[in-house]
Amino acid sequence: WAQAASRPVSYCAGFTLMEVVVAVGILGLVLAIVGGSLFQALSIDRFWREDVVATRELRHAGSWFASDALNAATTSLVDGAPPANVVALAWTDTSGASHAATYSVSEGNLLRSFDGVLAVLVQGVVSASFSLSGKVLTFDLTVAAEQGGTASMSLKTYLRMLK
C-alpha cells in the first residue's frame, strides 16, 4: 500500500473544458477578423466592377457616336432647341450608299437606329443631350451604376463634312 502511494499518478491524455473554451474563443476571434476583412475586400471589388461597367458602357456609346458623327454629311437635332434629346446623322459612303444613324433616349436606354436597325447601346441612362455649335457636335451622357453612383461623359466631335 505504501508503495502504491509513492508512485506518480498518471493522467489520461486530453484537454480540459477550460482549454477547449479558450481555443474556441481564439478561433472565433480570428475568424471574425479574417471574415470582416474578406467581406470588406469583396464589397470594394463589387463597387469597383460596377464603376468599370458604367465607364465601359460610356466609352462604347461614345465610340459609336464619334464614328457616325465623323462620317456625317448632315446633322440635325430633334426635340427642340439645344440641348436636344435626339440627333440624326446622315451620310453617303464611298460606294454611294446612303446611311442614317439616329441617337435617342427612351425609358433609360440610349438607342441607336442605324439604317432602320435599332440597338440599345447603354442601359441605365440618367441623362443624355446633344448640342451643335458651328462644326462641333457635343454629346453629354450620364449613366447610373448599380450602387447609386453615376459616370458621366462629354464627347465633342468636330464634324468634317457638315453642310
Side-chain angles (χ1 to χ4, degrees), residues 24-163:
V24 169
I26 291 171
L27 182 62
L29 183 63
V30 168
L31 286 176
I33 291 170
V34 170
S37 298
L38 183 61
F39 176 76
Q40 185 177 11
L42 291 175
S43 295
I44 290 170
D45 182 58
R46 183 181 64 215
F47 285 117
W48 179 79
R49 276 186 282 129
E50 289 170 358
D51 187 42
V52 168
V53 167
T55 303
R56 185 179 64 222
E57 287 190 354
L58 285 173
R59 289 183 179 182
H60 177 76
S63 175
W64 280 106
F65 181 78
S67 175
D68 290 343
L70 288 173
N71 287 321
T74 61
T75 303
S76 61
L77 300 174
V78 185
D79 283 351
N85 295 326
V86 178
V87 64
L89 308 166
W91 66 93
T92 303
D93 65 16
T94 55
S95 67
S98 296
H99 299 285
T102 303
Y103 290 83
S104 61
V105 177
S106 176
E107 298 177 5
N109 297 317
L110 177 65
L111 306 174
R112 175 184 184 249
S113 174
F114 180 74
D115 290 343
V117 178
L118 189 63
V120 176
L121 291 183
V122 179
Q123 296 177 341
V125 174
V126 174
S127 67
S129 64
F130 306 94
S131 60
L132 183 61
S133 175
K135 288 190 170 190
V136 179
L137 181 59
T138 304
F139 174 35
D140 294 310
L141 181 64
T142 302
V143 177
E146 289 184 24
Q147 297 299 322
T150 60
S152 298
M153 170 188 75
S154 182
L155 176 66
K156 294 183 185 296
T157 305
Y158 295 91
L159 304 173
R160 294 186 281 190
M161 302 167 54
L162 185 66
K163 290 184 180 180

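For the pair Leu110/Val105, a side-chain contact is recorded, criterion being any heavy-atom separation below 4.5 Å from C-beta on. Leu118 has its side chain within reach of Leu111: a pair of non-hydrogen atoms, C-beta onward, lies under 4.5 Å apart. Contact of the Phe65 side chain with the Val87 side chain is registered, since non-hydrogen atoms from C-beta on lie closer than 4.5 Å. At a threshold of 4.5 Å between non-hydrogen side-chain atoms, the residues Asp140 and Met153 do not count as touching. Leu70 has its side chain within reach of Thr157: a pair of non-hydrogen atoms, C-beta onward, lies under 4.5 Å apart. The side-chain heavy atoms of Thr102 and Val86, taken from C-beta on, include a pair separated by under 4.5 Å. Tyr103 has its side chain within reach of Trp64: a pair of non-hydrogen atoms, C-beta onward, lies under 4.5 Å apart.
The shortest non-hydrogen separation linking Ser98 to Thr92 is OG-OG1, 3.8 Å. The shortest non-hydrogen separation linking Leu159 to Ala69 is CD2-O, 3.2 Å. Looking at every heavy atom in both residues, Phe139 comes nearest to Ala128 through CE1-CB, 4.5 Å. Taking each heavy atom of Ala61 and Val122 in turn, the nearest pair found is CB-CG2, 3.5 Å. Residues Trp91 and Ala72 share a closest heavy-atom pair of CB-CA, 3.9 Å. In terms of heavy-atom proximity, Gln123 sits nearest to Glu57 at O-OE1, 3.4 Å.
Atom CG in Leu137 sits 7.0 Å away from atom CG in Leu77 (nearest 0.5 Å). Note: Phe130 CZ to Thr75 OG1 = 11.5 Å, rounded to the nearest 0.5 Å. Note that CG of Leu31 is 11.0 Å distant from CG of Leu38, once rounded to the nearest 0.5 Å. We find the OG-CG distance between Ser129 and Leu141 to be 9.0 Å, quoted to the nearest 0.5 Å. One distance of note links CG of Asp68 with CZ of Arg112; it measures 4.0 Å at 0.5 Å rounding. If you take OG1 on Thr138 and NZ on Lys156, they are separated by 3.5 Å, rounding to the nearest 0.5 Å.
Distance alone, capped at 3.5 Å, is enough to place a donor-acceptor pair between the Ser37 side chain and the Ile33 backbone.
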Verdict with supporting geometry, Leu121 and His60, side chain to side chain contact (heavy atoms under 4.5 Å, CB included): CA-CA 7 Å; Leu121 291 183; His60 177 76; 4.0 Å; yes
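Judged purely by distance below 3.5 Å, without hydrogens or angles, the side chains of His99 and Asp93 pair a donor atom with an acceptor atom. Checked by atom type, the side-chain pair Ser152/Thr142 shows a donor-acceptor distance below 3.5 Å.
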